[in-house]
Amino acid sequence: MSRQESRTATLADRWLLLIHQLPAKPAYVRVKTWRRLQKLGAAAVKNAVYALPASDQSQEDFAWLVKEIAAAGGEALICEARMVEGLTDAQVRALFDAARDSDYAALAKEIRALAGRLRGRLTAPRRAAAMAELARFKERQAEIVAIDFFGAEGRQTVDGLIAGIDSELEEKAMPQHRKQPDPGKAGIDDLRGRVWVTRHGVHVDRIACAWLIRRFIDAGAGFKFVPPRGYVPKPGELRFDMFSAEFTHEGELCSFEVLLARAGLENPALAEIAAIVHDIDLKDAKFGREEAAGVKMLITGICADTQIDEERLARGAALFDDLYAVFGRKRAPR
């Protein structure tokens with residue numbers, strides 16, 4: 001079991017807290033301690049109080065840090081805690097997710113810069129340099145995933161961007177006559193009668209995908225919500241917007257765009273909704289949709305009001321129904 005899996009396998013409402021007091025001098029002790037806490041993925045819940053999900057691995061990591069702090073002339077202790085007042089478990093998890101989303105966003109920016117440099121003809125030296133840079137990105141991705149304890153939204157964007165560059169480098173290195181054919185569109189009939197599986201804690205991309213599935217693919221579709229990693233699909237199940245899913249981010253496309261294209265749903269109103277979902281989910285302002293800010297706020301409000309995924313889907317579906325009606329009327333002949 002990996003470090004990330006061992007931590008997320010424990011009860012979500014049990015935390016280990018590291019409480020420390022560092023000496024004023026030398027100053028490098030504070031910097032060193034902060035960097036160690038960042039590397040462990042610990043979240044600051046109060047001044048000089050850091051949290052990790054309770055697990056044997058977390059306790060070992062904090063124990064080593066306590067020894068380092070004591071050796072530098074400081075004081076530290078570890079305690080196991082449950083949140084009772086002041087902060088809820090959901091708020092603490094949000095601290096972890098926000099930190100990882102920031103890490104993923106910074107990495108995504110670097111990956112997009114590499115993607116921009118790959119346009120046009122790629123010489124052998126440039127391809128070798130790109131592969132070395134991509135290897136570095138994958139290493140950084142693995143480091144972030146190892147401390148992404150609750151499946152932050154930004155991971156799907158990074159996974160899709162890396163997969164896109166992988167495919168592009170492979171395609172440009174392959175002789176024209178050996179290039180693989182486009183997988184094309186999935187038949188709508190093949191997508192009906194399935195159980196659709198995604199990560200729990202649904203947000204804009206997954207809510208939009210679920211709406212698309214029930215509105216245009218299979219009105220009776222069932223959904224299952226699982227942890228972000230380690231789930232093995234059963235016969236008749238399709239995964240979306242999660243690691244190794246059948247429908248997830250591909251290159252610069254969010255999961256909604258991928259599902260829309262592969263289902264062959266060519267609809268101008270859906271294309272407008274896809275642009276909004278893209279701008280919210282990938283945070284790259286590619287389409288510059290002015291509606292994105294308002295839709296994002298409404299989805300955030302839904303997610304803040306309920307932790308129940310089916311409720312989020314139902315309330316989000318009403319929002320997307322209204323958007324679809326507006327865009328449909330805009331294109332209807334008068």
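Everything quoted here is computed from the prediction, not taken from an experiment.
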Checklist entry - Distance-only, no hydrogens or angles: does the Arg239 side chain make a donor-acceptor pair with backbone N or O of Val197 under 3.5 Å? => result no
Item to check | Interatomic spacing from CZ in Phe216 to CD1 in Ile188 - rounded to 0.5 Å | outcome: 10.5 Å
Checklist entry - Think Arg155 forms a cation-pi with Phe243, using NZ or CZ under 6.0 Å from the six-ring centre and within 45 degrees of its axis? => result yes
Next on the checklist: Please check: side-chain N/O of Asp309 versus main-chain N/O of His200, any donor-acceptor pairing under 3.5 Å?
Outcome noted: no
Item to check | Side-chain heavy-atom pair Tyr104, Asp148 within 4.5 angstrom cut-off | outcome: yes
Checklist entry - Where do Asp103 and Arg100 land on the salt bridge (Lys or Arg N to Asp or Glu O under 4.0 Å) test, with the steps shown first? => result CA-CA 5 Å; Asp103 292 338; Arg100 299 296 76 78; 3.0 Å; yes
Checklist entry - How about Phe256 and Phe240: are their ring centroids closer than 6.0 Å? => result no
Item to check | Results of salt bridge (charged side-chain N to carboxylate O under 4.0 Å, His left out) for Arg206 - residues two or more places apart only | outcome: Glu153, Asp241
Next on the checklist: Can you pull out every salt bridge (Lys or Arg N to Asp or Glu O under 4.0 Å) where at least one residue sits in residues 40-49? Sequence neighbours excluded, please.
Outcome noted: none
Item to check | Non-hydrogen atoms of Thr248 and Ser255 that approach each other most closely | outcome: CA-OG, 3.3 Å
Checklist entry - Would Asp218 and Arg194 count as a salt bridge (Lys or Arg N to Asp or Glu O under 4.0 Å) if you check the C-alpha gap in whole Å, the side-chain angles of each, and the deciding distance to 0.1 Å? => result CA-CA 8 Å; Asp218 183 1; Arg194 304 295 196 107; over 6 Å; no
Checklist outcome for this item: The reported gap from CD in Gln156 to CG in Asp159 (rounded to nearest 0.5 angstrom) is 5.5 Å
Item to check | Spacing of Ile78 atom CD1 and Leu65 atom CG [to the nearest 0.5 Å] | outcome: 8.0 Å
Item to check | Chi angles and distances behind the salt bridge (Lys or Arg N to Asp or Glu O under 4.0 Å) call for Arg112, Glu252 | outcome: CA-CA 9 Å; Arg112 287 190 178 105; Glu252 291 279 2; 3.4 Å; yes
Checklist entry - Is there a chain of hydrophobic side chains (I, L, V, M, F, W, Y, each step under 4.5 Å between heavy atoms) that links Met131 to Leu122? => result yes
Item to check | Gap between atom CZ of Arg127 and atom CG of Leu134 - 0.5 Å precision | outcome: 10.5 Å
Next on the checklist: On the six-membered ring of Phe247, is Arg262 placed so that its NZ or CZ lies under 6.0 angstrom from the centre and within 45° of the ring axis?
Outcome noted: yes
Checklist outcome for this item: Value for CZ (Phe223) from SG (Cys209), rounded to nearest 0.5 Å, stands at 9.0 Å
Checklist entry - Is atom NZ of Lys224 surrounded by more than 12 heavy atoms (other residues, nucleotides or ligands) closer than 6.0 Å? => result yes
Checklist entry - Got more than 12 heavy atoms from elsewhere within 6.0 Å of NZ, Lys283? => result yes
Checklist entry - Closest heavy-atom contact between Glu80 and Ala54? => result OE2-CB, 4.3 Å
Next on the checklist: The test is side chain to side chain contact (heavy atoms under 4.5 Å, CB included); show your working for Glu143 and Lys39 and say whether it passes.
Outcome noted: CA-CA 9 Å; Glu143 291 173 353; Lys39 190 172 182 179; over 6 Å; no
Item to check | Any donor-acceptor pair under 3.5 Å from Asp279 side chain to Lys286 backbone | outcome: yes
Next on the checklist: Same cluster or not: Phe150 versus Tyr50, using hydrophobic residues (I, L, V, M, F, W, Y) connected whenever any side-chain heavy atoms lie under 4.5 Å apart?
Outcome noted: yes
Checklist entry - Can you list the steps and then say if Asp281 with His203 is a side-chain hydrogen bond (donor to acceptor under 3.5 Å, both in side chains)? => result CA-CA 9 Å; Asp281 193 52; His203 211 270; over 6 Å; no
Item to check | Donor-acceptor contact present, side-chain Ser58 to main-chain Pro53, <3.5 Å | outcome: yes
Item to check | Tyr231 and Glu237 side chains, donor-acceptor separation under 3.5 Å | outcome: yes
Checklist entry - Do the side chains of Phe287 and Val258 join up, straight or via other hydrophobic residues, at under 4.5 Å, putting them in one cluster? => result no
Item to check | Audit row: Thr88, Met83, side chain to side chain contact (heavy atoms under 4.5 Å, CB included) steps and yes/no | outcome: CA-CA 6 Å; Thr88 65; Met83 298 299 163; 5.9 Å; no
Next on the checklist: Before you tell me yes or no, could you show the steps for Asp284 and His278 under side chain to side chain contact (heavy atoms under 4.5 Å, CB included), namely the whole-Å CA-CA distance, both residues' side-chain angles and the distance that decides it to 0.1 Å?
Outcome noted: CA-CA 8 Å; Asp284 60 1; His278 176 107; 3.0 Å; yes
Item to check | Single-linkage hydrophobic cluster, 4.5 Å side-chain cutoff, Trp15 and Leu37 together | outcome: yes
Item to check | Trp196 with Phe320, same ILVMFWY side-chain cluster at under 4.5 Å | outcome: yes
Checklist entry - Which atom pair, heavy atoms only, marks the closest approach of Cys303 to Ile207? => result SG-CD1, 4.3 Å
Next on the checklist: Quick check against the 3.5 Å criterion: does Glu257 have a side-chain atom that pairs as donor or acceptor with the backbone of Cys254?
Outcome noted: yes
Checklist entry - Under 3.5 Å, is there a donor-acceptor pair between the side chain of Arg214 and the main chain of Ala221? => result yes
Item to check | Pairwise distance CD1(Ile162) to NE2(His249) - rounded to 0.5 angstrom | outcome: 13.0 Å
Item to check | Exam field: side chain Ser102 to backbone Ala98, donor-acceptor pair closer than 3.5 Å | outcome: no
